[in-house]
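Quick note: numbers below take in every heavy atom, side chains included, and nothing from hydrogens, waters or symmetry partners.
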Amino acid sequence: MARRPLPRILSSGSASITRSREIARTAADSATDVLHPLITILRGLRLLAVSGRQKWVATPKERRGPKLFLAAACVLAVALVPYGPILALITVMGAAAWKGRERTPVKTGPDEAESIRLRALYEALVPYFSVPDDPDPLFAHGGDWEKAFDGYAFDGDGRLTRLQVSYPAYFTDGEAAARSRIEQLLHTKSGRGREYHFAWDEEANRLVMTVPAPLSTSIAAQRFVTAPGETVLGFTDPDAVRRTVPVRDGDTTVDASPVVWRTGNRSTEPHLLAVGQPGSGTTTLVRSIALQALQQGDVLVIDGSGTGEHGALTGLTGVLAVESGLGGALATLEWAAHETERRLIFTNRARQGGHPVPEDVKRPLWILLDRPGVLGHLAAADGRTDPLELLQVPLRHGRPAGVTVVLADQFDALDGLTETVRTHTRARVVLGPASREQITAVLGAEPNTTPPPEVPAGRGYARLGTGPVLRLQVPATPDPYDEAASEAHRQAVLDVLPERPGAAARPSAEPDAPADDASGSRDDEDTAQVPVAVEAAPTGQLAKAQAAIAEG
């Protein structure tokens, strides 16, 4: 049976209604555009009236009379002034227009995408923060995530930058494994490729996750404002340490938060061990320490890699030797052991006799070893003494003798370190990409941030003794003869290098630098009192000094 066609009025009615709605909407939008100034002024007048009424209600009754009298006097004055009413009307309309202007609405809660992300985080945390016997669980499948998340913040890309989580009191937040599981979960769900900082408040049962700002990589080598016996290993987060120092960051001077390593007789961490992957910046750290040590003492450098990374230090004032061969390294370290013993003997005699310690004994001596594990393999192949075995005396007795040892090597050489090195290097640094287990094995404590997979050179963690684990960025201190490095950073290293004996004095880049006064610059008298002179063949001078010590 064929269907009858609908009447024309029924088939075309929906189209007519749609066109009528569009016409009405267009007319309303046009009227709104035309009447927009009037609507704004009316809205402003309403807001001004509401504000005036609130102030009137908040005014005590004994002060309402004087206010009414003052208002009446103002109205009378405006009425008597020429063009006063017109000016008053214009002023009121202007204030109403400003008060009634459209403002950008303030965001008071998460949008739909952010809510979905927070809901997913909440559901992922339920198995870790809930137990079946809890009568009123804070975390439950399908529960209210707003009760557990006290605060949150997102960046422009919709990724979490801050999250505050309240967890039940029965969660085992005192166990490192339990905390590590939560941190790994939040790291995974919040987005990989970034570094997250976790702050646990066990008393309040609260966890705060934040995304720390990246550490500056543009701070180059310079004379830092430090006291004698202090060395700046690098810079960390502003809230991690209480001290700041002025530094040049590019073309500006800023206050940076340093990681200061203190050495000397009263130091509890007299020696340092730095570990990293190839290209992580351990050589840069050794070079930075050497430049700072030369301001106050003498330096011995053992370059196990043999690539000439420390060749720029050869022959400088205060540099006793720069050795890269096995024979020269063994002779130098043997002299260092004898020098440590000599300093101990002279210090003991001076104190027993009530005399001051000789200046050549008080002057700090730094022994810097870059990749000594390579020399250890060569020594084992030739049947000779491991260079690390010759460090027992400087490591055990170096603190009272003013001798400081710095070792930098790679992770694959950790198994070759002697027990003396592991015991007496209580200042530790880990640079470059490393797993959480590797960092914990070197520093003795877990970092409070998630190690990122890719980091710039010189970026890592530091821990001094039993202190907290700090993020660290080593100052840019490249080889000044490396043409692949930045020209500005190379020039910064050249400006800090001391003069060579007999060379013409270089013009100082900063003649009034405050760091010279704080750190104590060297003078001719101190240089003359060093018992070992620096000449073209430093190893021979060390041998002569050994013979003199043996005869004495």
Side-chain angles (χ1 to χ4, degrees), residues 226-231 260-272 289 292-300 302 317-321 330-369 385 387-407 418-427 464-466 518-534 538 541-552:
T226 56
E230 293 183 344
T231 303
V260 178
W261 174 38
R262 294 175 177 84
T263 57
N265 295 334
R266 301 183 182 275
S267 173
T268 57
E269 304 89 24
H271 310 294
L272 181 138
I289 294 175
Q292 299 180 61
L294 286 174
Q295 301 176 21
Q296 308 170 13
D298 299 319
V299 173
L300 291 173
I302 307 298
T317 303
V319 180
L320 303 183
L330 292 176
T332 301
L333 293 178
E334 186 177 354
W335 174 86
H338 288 293
E339 175 65 11
T340 304
E341 295 175 352
R342 184 188 73 87
R343 289 177 174 231
L344 289 174
I345 293 173
F346 275 76
T347 301
N348 188 29
R349 289 178 180 176
R351 291 177 177 175
Q352 288 183 355
H355 303 293
V357 179
E359 292 296 330
D360 63 323
V361 177
K362 292 172 57 178
R363 186 172 182 78
L365 175 62
W366 293 72
I367 306 174
L368 310 179
L369 296 94
T385 305
L388 296 181
E389 296 292 338
L390 300 176
L391 290 176
Q392 291 190 12
V393 174
L395 286 172
R396 294 177 183 273
H397 310 288
R399 182 178 63 176
V403 179
T404 302
V405 179
V406 176
L407 293 96
T418 62
E419 187 64 26
T420 305
V421 173
R422 296 176 180 273
T423 303
H424 293 278
T425 53
R426 301 187 69 249
L464 304 178
T466 58
S519 60
S521 59
R522 299 180 50 193
D523 53 13
D524 297 337
E525 296 180 358
D526 292 339
T527 305
Q529 293 170 356
V530 178
V532 181
V534 179
Q541 293 295 326
L542 295 179
K544 293 180 182 179
Q546 293 178 26
I549 294 170
E551 294 177 359

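Between V393 and A337, the shortest heavy-atom contact is CG1-O, 3.9 Å. Looking at every heavy atom in both residues, T404 comes nearest to P270 through CG2-O, 3.1 Å.
Distance check: R351 CZ to T347 OG1 gives 6.0 Å after rounding to the nearest 0.5 Å. The line from CZ of R343 to CG of N348 is 15.5 Å long, rounded to the nearest 0.5 Å. The OG1 atom of T420 sits 9.0 Å away from the CG atom of L391 when rounded to the nearest 0.5 Å. Here the CG atom belonging to L395 is positioned 7.0 Å from the CG atom belonging to L407, to the nearest 0.5 angstrom. Distance check, rounded to the nearest 0.5 Å: OG1 of T263 to CZ of R399 gives 11.5 Å. Note that the CD atom of E341 and the NE2 atom of H338 stand 6.5 Å from one another [nearest 0.5 Å].
The main-chain N or O of V406 is never found under 3.5 Å from a side-chain atom of W366 such that the two would form a donor-acceptor pair. Under a 3.5 Å cut-off, the side chain of Q296 and the backbone N or O of G229 do form a donor-acceptor pair.
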Kindly indicate, with the supporting measurements, whether the criterion side-chain contact (heavy atoms from CB on, under 4.5 Å) is fulfilled by L369 and V405. CA-CA 8 Å; L369 296 94; V405 179; 4.0 Å; yes
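For the salt bridge (charged side-chain N to carboxylate O under 4.0 Å, His left out) test, residues two or more places apart in sequence or in another chain that qualify with R262 are E230.
Side-chain contact between W335 and L320 is present, with at least one heavy-atom pair separated by less than 4.5 Å. Within the 4.5 Å cutoff, no side-chain heavy atoms of I367 are placed close to those of H271. In this structure, the side chains of V319 and L294 come closer than 4.5 Å at one or more pairs of heavy atoms. In this structure, R342 and E339 have side chains that are in contact, with non-hydrogen atoms separated by less than 4.5 Å.
A salt bridge is absent between E419 and R422: the closest approach of a Lys/Arg side-chain nitrogen to an acidic carboxylate oxygen does not fall below 4.0 angstrom. One finds no salt bridge joining R363 and E359 here, because no Lys/Arg side-chain nitrogen approaches an Asp/Glu carboxylate oxygen to under 4.0 Å.
In this structure, a donor-acceptor pair under 3.5 Å is present between the side chains of E389 and Q392.
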